[in-house]
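Not measured: the values here are computed from a predicted model.
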Amino acid sequence: MDIGVISVRYARALLKGAIAERIESKVYQEMQILLNSFLTISELRFTIDNPMLSKDKKRDLLVAACGESISPITHKFLDLVLREGRENVLQFIAVSYITLYRKQKNITSGKLITATVVTPAIEQKLQQMVKNRTQGVVEFKTEVDPDLIGGFVLEYDTYRMDASVKSELNTILTQLRK
């Protein structure tokens with residue numbers, strides 16, 4: 001069976017249960033922490049996929065990866081995933097839950113990448129611009145990437161506005177090579 005289909009089914013079930021308990025935002029935060037744990041700790045995925053590790057140890061590890069105190073529904077969900085042997089798709093389930101939650105709550109994820117740290121006023125202005133275009137709530141992150149040399153890159157939804165010096169220099173270089 002397709003991993004995407006499985007992960008979306010589990011994520012929908014988790015979202016439905018969380019909505020029934022009225023803790024969908026708490027579970028959303030837990031899934032973000034879990035996903036971040038998978039992305040930042042490369043050994044986590046290999047450890048969870050290890051068939052020699054007991055289900056109890058996997059559960060303890062996943063509970064720790066979800067944050068300090070997790071909701072009872074998340075704890076039950078992790079037990080279900082482990083019982084069904086679907087721990088190998090847990091990262092994809094977390095991504096699917098985040099996507100479904102954002103779609104339901106009309107949340108847009110945006111990111112501003114700059115060469116240097118920007119002032120809060122500029123960050124707020126760009127966040128407001130994204131909010132006006134998407135007509136919803138905006139989760140906004142900023143990153144500093146000195147390789148951009150100058151300017152910025154603004155990403156949200158499927159849009160990407162690249163106004164960086166690095167991009168302009170690459171465009172000029174490509175034209176000169178022709």
Side-chain angles (χ1 to χ4, degrees), residues 3-5 7-42 44-45 62 64-71 73-74 77 89-175:
I3 289 175
V5 173
S7 62
V8 170
R9 284 182 182 167
Y10 275 84
R12 273 197 197 121
L14 179 59
L15 182 60
K16 188 175 181 180
I19 289 171
E21 298 279 330
R22 297 179 187 215
I23 57 169
E24 64 269 18
S25 60
K26 170 91 169 112
V27 175
Y28 174 65
Q29 292 170 348
E30 293 167 352
M31 289 298 114
Q32 286 182 314
I33 293 169
L34 178 63
L35 179 61
N36 190 43
S37 295
F38 272 114
L39 295 175
T40 57
I41 306 167
S42 59
L44 179 61
R45 184 171 179 88
L62 289 170
C66 285
E68 293 176 14
S69 62
I70 66 169
S71 62
I73 194 164
T74 301
F77 182 74
V89 295
L90 196 54
Q91 181 178 355
F92 302 107
I93 293 171
V95 169
S96 297
Y97 183 91
I98 291 167
T99 302
L100 291 170
Y101 179 86
R102 285 180 177 163
K103 187 174 182 181
Q104 183 188 33
K105 300 289 185 180
N106 195 23
I107 298 173
T108 302
S109 179
K111 181 163 70 170
L112 175 65
I113 306 167
T114 59
T116 60
V117 179
V118 295
T119 64
I122 293 173
E123 182 180 338
Q124 189 70 22
K125 185 177 180 179
L126 288 169
Q127 183 176 1
Q128 188 62 43
M129 182 186 81
V130 172
K131 190 174 185 177
N132 291 342
R133 289 185 179 198
T134 60
Q135 301 298 317
V137 179
V138 176
E139 287 182 350
F140 208 71
K141 295 179 186 172
T142 57
E143 264 182 38
V144 175
D145 182 5
D147 290 341
L148 293 181
I149 303 170
F152 66 91
V153 177
L154 178 65
E155 300 174 341
Y156 65 94
D157 272 345
T158 58
Y159 302 103
R160 185 170 202 258
M161 181 175 20
D162 191 343
S164 65
V165 173
K166 180 180 178 180
S167 173
E168 292 296 319
L169 289 174
N170 284 337
T171 302
I172 292 169
L173 181 63
T174 304
Q175 290 174 352

*Asks:* Name all residues meeting the side-chain contact (heavy atoms from CB on, under 4.5 Å) criterion together with Thr40; count only those two or more places apart in sequence or in a different chain, and write none if there are none.
*Replies:*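 Partners of Thr40 under the side-chain contact (heavy atoms from CB on, under 4.5 Å) test: Asn36.
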*Asks:* List for me each residue that meets side-chain contact (heavy atoms from CB on, under 4.5 Å) alongside Glu21, sequence neighbours excluded, and say none if there are none.
*Replies:* Ile23, Ile73
*Asks:* Which value, rounded to the nearest 0.5 Å, describes the distance between Met31 atom CE and Leu14 atom CG?
*Replies:*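 Rounded to the nearest 0.5 Å, the CE-CG separation comes out at 5.5 Å.
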*Asks:* Going by the rule side chain to side chain donor-acceptor pair (under 3.5 Å), which residues pair with Glu24 if we only count those two or more places apart in sequence or in a different chain?
*Replies:*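 With sequence neighbours excluded, Glu24 shows a side chain to side chain donor-acceptor pair (under 3.5 Å) to Lys105, given in chain and number order.
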*Asks:* What residues, two or more places apart in sequence or in another chain, satisfy salt bridge (charged side-chain N to carboxylate O under 4.0 Å, His left out) together with Lys16?
*Replies:* none
*Asks:* Mind checking what makes side-chain contact (heavy atoms from CB on, under 4.5 Å) contact with Val8, not counting sequence neighbours?
*Replies:* Arg12, Ser96
*Asks:* Rounded to the nearest 0.5 Å, how far does CZ of Phe77 lie from CG of Leu90?
*Replies:*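 Those atoms lie 6.5 Å apart.
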*Asks:* Sequence neighbours excluded and cut-off under 3.5 Å, please list the side-chain donor-acceptor pairs for residues 134-157, or say none.
*Replies:*
unit_1 : atom_1 : unit_2 : atom_2 : d
Thr134 : OG1    : Val130 : O      : 3.0
Gln135 : NE2    : Asn132 : O      : 2.5
Glu139 : OE1    : Tyr28  : OH     : 2.8
Glu139 : OE1    : Arg102 : NE     : 3.4
Glu139 : OE1    : Arg102 : NH2    : 3.0
Glu139 : OE2    : Tyr28  : OH     : 2.6
Glu143 : OE2    : Lys111 : NZ     : 3.3
Asp145 : OD1    : Asp147 : N      : 3.2
Glu155 : OE2    : Arg160 : NE     : 2.8

*Asks:* State whether the side chain of Ser7 and the backbone N or O of Ile93 hold a donor-acceptor pair below 3.5 Å, judged by distance alone.
*Replies:*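 Checked: no pair found.
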*Asks:* Using atom types as modelled and distance alone, determine if a side-chain donor or acceptor of Ser37 lies under 3.5 Å from a backbone N or O of Ile33.
*Replies:* yes
*Asks:* Applying side chain to side chain donor-acceptor pair (under 3.5 Å), can you list everything that pairs with Gln29, at least two apart in sequence or on another chain?
*Replies:*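 For Gln29 there are no side chain to side chain donor-acceptor pair (under 3.5 Å) partners, ignoring immediate neighbours.
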*Asks:* Does Thr114 use its side chain to pair, donor to acceptor, with the backbone of Val117 at less than 3.5 Å?
*Replies:*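 No, the answer is negative, given that no donor and acceptor are paired below the 3.5 Å cut-off.
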*Asks:* Could you state the interatomic distance from OH (Tyr159) to OG1 (Thr108), rounded to the nearest 0.5 Å?
*Replies:* 10.0 Å
*Asks:* Does anything in residues 104-139 form a ring-ring contact (aromatic ring centres under 6.0 Å, His included)? List the pairs, not counting sequence neighbours.
*Replies:*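 As it turns out, there is no ring-ring contact (aromatic ring centres under 6.0 Å, His included) pair with a partner in residues 104-139 once direct neighbours are skipped.
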*Asks:* Looking at residues at least two apart in the chain, or sitting in another chain, which of them share a salt bridge (charged side-chain N to carboxylate O under 4.0 Å, His left out) with Lys26?
*Replies:*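 Result, salt bridge (charged side-chain N to carboxylate O under 4.0 Å, His left out) vs Lys26: Glu30.
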*Asks:* Using the test side chain to side chain donor-acceptor pair (under 3.5 Å), find all partners of Lys131 that sit at least two apart in sequence or belong to another chain.
*Replies:*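 Expected list: none.
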*Asks:* Please round to the nearest 0.5 Å and tell me the distance separating atom OG1 of Thr171 and atom CD of Gln175.
*Replies:*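 Atom-to-atom, Thr171:OG1 and Gln175:CD are 6.5 Å apart.
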*Asks:* Which residues satisfy the side-chain contact (heavy atoms from CB on, under 4.5 Å) test with Lys125, sequence neighbours excluded?
*Replies:*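 Residues passing side-chain contact (heavy atoms from CB on, under 4.5 Å) with Lys125: none at all.
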